[in-house]
Amino acid sequence: MAVEEEQPEKGFVKEIRKQSQDFPGWYNDVVRKAELADYSAVRGCMVIRPYGFALWENIRNALDALIKKTGHENWYFPMLIPLSFLQKEAEHVEGFAPEFALVTRGGGKELEEPLVLRPTSETLLATTLRDYVQSYRDLPVLTNQWNNVFRWELRTRLFLRTMEFLWQEGHTFHETSEEAEKEVYTMLECYRQIAEEWCAIPVIPGRKSEIEKFAGAQYSTAIEALMKDGKALQAATSHYFGENFTRAYDLTFTGRNNEKQYPHSTSWGMSTRIVGALIMVHGDESGIQMPPMVAPIQVVIVPIFRSEAERSQIAAALAPVLEDLSEIRLKQDWRDQRPGFKFSEWELKGVPVRIEVGPRDLARNEVTVVRRYDRAKEAIGLRDLGVRIPAMLKQIQDAMFARAMEFRTTNTVRLDSLPAMVEHFQRGSGFVLTPWCGSAEDELKVKELTGATTRVIPTGSVAPAAACAVCGKPAATEVIWAKAY
RNA sequence: CGGGGCGUAGCGUAGCCUGGUUUAACGCGCGUGGUUUGGGACCACGAGAACUCGGGUUCGAAUCCCGACGCCCCGACCA
């Protein structure tokens with residue numbers, strides 16, 4: 001009951017700041033009050049609580065299945081990496097050095113060489129695979145690992161940027177550049193599927209600019225999503241390294257021509273940040289909204305009763321229903337709280353469907369079903385739930401994606417001049433699509449004038465027959481600009 | 001790293017300016033008992049804080065002074 005401001009019309013929320021007035025405050029309240037995650041003893045690190053971790057697990061399981069389906073195998077590499085490994089690739093170390101966390105002591109004495117808590121594992125992969133790859137017959141090597149990484153961040157936010165986070169990092173090594181580049185886009189497509197089909201988050205896949213690419217990559221690709229506050233969030237990335245890392249780490253193979261060659265490598269990752277994206281795309285003034293496919297709890301049953309007799313009546317009536325819904329992630333809430341309290345709490349936590357069962361319902365052999373998506377309420381016969389609930393979950397999943405897509409569409413504009421961009425970004429953000437010549441000076445100029453950066457050059461977009469919106473030279477591509485997380 | 005703010009019970013705060021009826025208060029939460037239960041219930045009783053840490057001033061410090069540490073916000077930085 002921390003908030004004194006006037007209640008929203010519906011009067012359902014008491015504990016979270018208003019999304020419309022204080023988006024960052026709202027986000028923070030929702031993450032903590034919905035019991036997804038909390039701060040920890042160390043600044044910038046977080047405790048992921050069971051409800052939040054269950055959400056991550058659902059996303060992870062879906063992605064892990066896709067990764068395996070596309071031919072990759074899970075490995076595990078150590079978290080401690082000798083500092084010298086990181087220092088071998090100049091661009092890479094330059095990009096990451098400020099974020100290193102070093103271990104300098106062990107066993108009570110100073111270490112010969114500091115160890116880095118992995119910020120990412122490219123260097124370790126390339127080094128290790130030297131022992132396993134000799135011939136073109138040993139390629140491709142398609143690896144993935146689920147782990148934690150550390151980056152010493154100055155400003156942190158739960159899920160979006162923490163010093164330690166969970167992700168998967170895939171690393172692959174190929175005989176040819178064609179094969180490696182194909183891999184980059186195969187994995188980007190996997191990420192698109194996870195984001196759009198599982199998390200109901202519309203994304204734009206495409207290529208990052210030179211400035212925005214990963215340190216050490218030839219080029220980077222990403223999927224970009226638009227949050228409800230108009231800011232962009234990179235939801236996953238996939239990089240092409242060419243021979244950059246294999247040369248730097250002297251990973252070679254003997255090719256079909258009997259000559260020593262360097263494999264072409266890639267890496268790609270999706271992190272717990274996707275959880276933050278999901279919250280900021282679907283959440284509203286009442287809290288989170290979980291897309292049914294990844295929701296830790298898809299259906300919650302709130303029994304309403306006054307007496308022991310009513311209680312057992314409800315329990316008895318529910319028994320066959322529970323059998324019909326055995327495929328659903330379902331929770332019964334028999335806690336000793338008033339129903340209204342439970343309604344609010346489950347809405348805050350974003351459970352897609354709530355089933356209310358009380359004496360009035362049972363008298364008609366029905367239950368009251370309420371959708372979190374729009375609070376639509378309807379009576380459904382007890383025997384129909386086994387069919388109606390799965391259909392409803394599917395319908396909610398689709399509706400959530402459609403609504404997010406509509407938001408993105410109405411918040412995407414085409415502009416063709418720098419003054420128009422400056423004027424636009426003074427009012428807010430959203431996606432801004434412009435013709436662009438591709439020069440880094442333009443990016444820096446726009447960033448200085450507006451705070452916005454290039455997010456992505458959409459896959460499949462063609463060079464418009466137009467002048468670059470920033471400098472007026474002939475455009476080489478279309479590009480999306482936005483203020484970003 | 002620059003600018004600003006804050007450290008008082010599990011959480012959110014009041015008290016501080018103007019030291020002493022403060023035995024540090026209030027709300028939420030927590031425990032027990034009871035009445036309740038279809039949109040965040042109510043009553044009663046109860047547990048819970050040597051006020052971030054270290055110095056100093058003073059007869060007396062949560063309160064004033066100095067220092068340290070931690071956290072938050074803004075900026076810079078940033079897969």
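In what follows, every chain begins at residue 1, and chains take the letters A, B, ... in the order their sequences are listed. In what follows, every heavy atom counts, from backbone to side chain, and hydrogens, waters and symmetry copies are set aside.
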Exercise for review: Using a 4.0 Å heavy-atom cut-off across all strands, classify P359(A) as base, sugar-phosphate, or nothing.
Suggested key: base
Review point. S220(A) near the nucleic acid: base, sugar-phosphate alone, or nothing, with a heavy-atom cut-off under 4.0 Å?
Key: nothing
Review point. With a 4.0 Å cut-off on heavy atoms, is T120(A) in touch with a base, just the backbone sugar-phosphate, or nothing at all?
Key: base
Give me the distances for all protein-to-nucleotides 69-74 of chain B N/O pairs that come in under 3.5 Å?
from, atom 1, to, atom 2, distance (Å)
C74(B), OP2, R155(A), NH2, 2.2

**Study point:** Protein-nucleotide distance (R455(A), atom CZ; C78(B), atom P), rounded to Å
**Key:** 12 Å
Check your understanding: Base, sugar-phosphate alone, or nothing: which one does W167(A) contact when heavy atoms must sit under 4.0 Å apart?
Key -> base
Check your understanding: Any side-chain N or O of R338(A) less than 4.0 Å from the OP1 or OP2 oxygen of G40(B)?
Key -> no
Practice item. Answer yes or no on whether R60(A) is positioned over the face of W198(A), meaning its NZ or CZ is under 6.0 Å from the six-membered ring centre and within 45° of the axis. Key: no
Check your understanding: Are the ring centres of W167(A) and F165(A) closer than 6.0 Å?
Key -> yes
Check your understanding: Would you say the side-chain atoms of E196(A) and Y191(A) include a donor-acceptor pair closer than 3.5 Å?
Key -> no
Point to revise | R383(A), CZ atom: more than 12 neighbouring heavy atoms under 6.0 Å | key: no
Check your understanding: Ring centres of H171(A) and F245(A) under 6.0 Å apart?
Key -> no
Exercise for review: Any chance you could measure R273(A), atom CZ, to L233(A), atom CG, to the nearest 0.5 Å?
Suggested key: 4.5 Å
Check your understanding: With a 4.0 Å cut-off on heavy atoms, is E212(A) in touch with a base, just the backbone sugar-phosphate, or nothing at all?
Key -> nothing
